[in-house]
Number of protein chains: 2
Amino acid sequence: MRTLDFYFDYISPYAYFSWLKVGALCQKYDVELQAHPVVFGKLLDHWGQLGPAEVRPKKAALYRYCDRYARLHGFDFNPPARHPYNPLPALRLSLPEVCGTGHQHRLISAIFEAGWSRGADLSCRDTLAGILQEQGLDSEYLLTTIDSDAVKQALKYSTEQAIRRDVFGVPTFIIDDQLFWGNDQLEHIELYLQGNDPLDADWVDELLVRDRGIDRKSFLARQAPD
Amino acid sequence: MRTLDFYFDYISPYAYFSWLKVGALCQKYDVELQAHPVVFGKLLDHWGQLGPAEVRPKKAALYRYCDRYARLHGFDFNPPARHPYNPLPALRLSLPEVCGTGHQHRLISAIFEAGWSRGADLSCRDTLAGILQEQGLDSEYLLTTIDSDAVKQALKYSTEQAIRRDVFGVPTFIIDDQLFWGNDQLEHIELYLQGNDPLDADWVDELLVRDRGIDRKSFLARQAPD
């Protein structure tokens, strides 16, 4: 069975939007959905980027975009009470080895929904306990588990594995080593799954080895060997 | 008459894609299209961001996206021979005070098309001369003009004005002080022009003054007063 790897962090509204749709897409094309919590801040650190919430007018523009998007699609846009926030407890709970493979997708849905449609503070352990209980999960046990070194390492490993696969943002989807980034890629992903991918991969490979003409000093400085 | 301000740099394929559509949109809703060349690299410098071409896997993912997008929309995706490249001569030529208001839109179309559908080297003055001649413009005169301090200042001013209006990327569209960023915003722009904007602006303003919970060190360092 084919697998679609879905890399996400609860910090991202686009990850939420695409989570609402990717499950049905996988079912339609008989693809196994594997959900990988990763730390978006660590991806930014690794690739030297800023997140959308770190550029004032970008955050404002994207919140307006998200509000329009949510209203057009018929759901509420009410982001986590504080944003950005510490997503580590929520991400660690969502590792399949913590919450259990059979519960994982349901828990992810519940956390995303609480955070982005009901304005829950996803950095707050009491809030997370409430969500876990609503899902019939043992909140006390799970919230203790995530403080173990093994679980901390597991999230770190998940993030490092994502970086090794060239994941630079969330949501990212990988199928058959094809990387798609962003909620707006679902249409292209569906074409790919149908066998109707319009991409000419050889042509794009040719483009990617063309020379660079000029680079900013700040870019070149980061490329220099340490 | 209402005005739509379109901020662009020839460095961006998304600016090209949206240029292909924004003219018809403005005509449909009787809006005057004002095209503003700006230096994307200076926007990145100002906001402390990296461009898509400055993160290796992001450039690769976006080129694949662009190739799919172009094929689905029935045109060629053949980016400028070297990329990134120095866009300053092309941008300066495209200032209305240089090429003439009456020629500006046509010239922008020609430069974008040569660069992104025919792989022309847009940093090359001979290439630009050829494009100007095809448009019946005096290439020798114009390519001399753009070396004047006045023209250099005009492009700098255009970029600074954009930053003052919170432009952080290209393409950006501003109508009635509403800022839209990115090719994928054209659908929302059309709703706005129709008077059907789903946005609840007061609600988003409330969201934007909510507290931040946590920030990366690299973000905080940049916010510190010099």
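Protein chains get the first letters and strands the later ones, always in sequence-line order, with residue 1 at the start of each.
- Taking the centre of each ring, B/Phe8 and B/Phe112 come in below the 6.0 Å mark.
- Counting only heavy atoms from C-beta outward, the side chains of A/Asp9 and A/Leu43 never approach each other to under 4.5 Å.
- Seen from the ring of B/Phe219, B/Lys217 does not count as a face-on cation partner, given the 6.0 Å and 45° thresholds.
- Applying a 4.5 Å heavy-atom cutoff, none of the residues of residues 153-163 of chain B approach chain A.
- Side-chain contact between B/Phe40 and B/Ser12 is absent, with no heavy-atom pair separated by less than 4.5 Å.
- Below 4.5 Å, heavy atoms of chain A meet heavy atoms from B/Gln178, B/Leu179, B/Phe180, B/Trp181, all part of residues 172-183 of chain B.
- Stacking of A/Lys59 on the aromatic ring of A/Tyr63 is recorded, both the 6.0 Å distance cut-off and the 45° axial limit being met.
- When all heavy atoms are compared, the tightest approach of A/Asp166 to A/Trp47 is OD1-CH2, 3.9 Å.
- Contacts with chain A were tallied for B/Asp45, B/Asp215, B/Leu62; B/Asp45 has the most, counting heavy-atom pairs under 4.5 Å.
- Closest of all the heavy-atom pairs between A/Val98 and A/Leu142 is O-CD2, 3.3 Å.
- Close approach to chain A, defined as a heavy atom under 4.5 Å from one of its heavy atoms, is seen in B/Asp197, B/Pro198, B/Leu199, B/Asp200, B/Trp203, B/Val204 of residues 195-206 of chain B, taken by number.
- Only the side chain of B/Phe168 comes within contact range of chain A, with heavy atoms under 4.5 Å apart.
- With B/Asp76 contributing its side chain and B/Asn78 its backbone, the two residues share no donor-acceptor pair below 3.5 Å.
- Inspection of the A/Gln194 and A/Tyr29 side chains reveals an N or O donor paired with an N or O acceptor under 3.5 Å.
- Side chain of A/His46 to backbone of A/Lys42: no donor-acceptor contact under 3.5 angstrom is found.
- The environment of CG in A/Asp147 is crowded: more than 12 heavy-atom neighbours from other residues, nucleotides or ligands sit within 6.0 Å.
- Contacts from residues 83-92 of chain A to chain B, taken as heavy-atom pairs separated by less than 4.5 Å, involve A/His83, A/Pro84, A/Tyr85, A/Asn86 in sequence order.
- If you tally non-hydrogen atom pairs under 4.5 Å between each of A/His188, A/Arg56, A/Arg68 and chain B, the highest count goes to A/Arg68.
- Contact of the A/Trp19 side chain with the A/Pro171 side chain is not registered, since no non-hydrogen atoms from C-beta on lie closer than 4.5 Å.
- Comparing A/Gly119, A/Pro79, A/Cys66 by how many heavy-atom pairs each has under 4.5 Å with chain B, the most go to A/Pro79.
- If you measure heavy-atom distances from A/Ala60 to chain B, the contacts under 4.5 Å come from both the backbone and the side chain.
- Between A/Leu72 and B/Leu191 there is a side-chain heavy-atom pair separated by less than 4.5 Å.
- Between A/Ala35 and A/Pro37 the shortest heavy-atom distance is O-CD, 3.6 Å.
- In this structure, the side chains of A/Ser18 and A/Leu186 come closer than 4.5 Å at one or more pairs of heavy atoms.
- Between A/Tyr16 and A/Phe75, the ring-plane angle classifies as perpendicular under the 30° and 60° cut-offs.
- Side-chain contact check for B/Arg216 versus A/Leu50: some heavy-atom pair is nearer than 4.5 Å.
- The candidate with the highest count of non-hydrogen atom pairs below 4.5 Å against chain A, out of B/Arg82, B/Lys58, B/Gln49, is B/Lys58.
- For B/Arg165 against B/Asp5, the heavy-atom pair with the smallest separation is NH1-OD2, 3.0 Å.
- Within the 4.5 Å cutoff, the side chain of B/Ser109 has no heavy atoms near those of the B/Leu107 side chain.
- Proximity to chain B (any heavy atom under 4.5 Å) is shown, for A/Leu44, by both the backbone and the side chain.
- For chain A, the nearby part of B/Arg71 is the side chain; its heavy atoms alone come within less than 4.5 Å.
- In this structure, B/Val31 and B/Thr3 have side chains that are not in contact, with every pair of non-hydrogen atoms separated by 4.5 Å or more.
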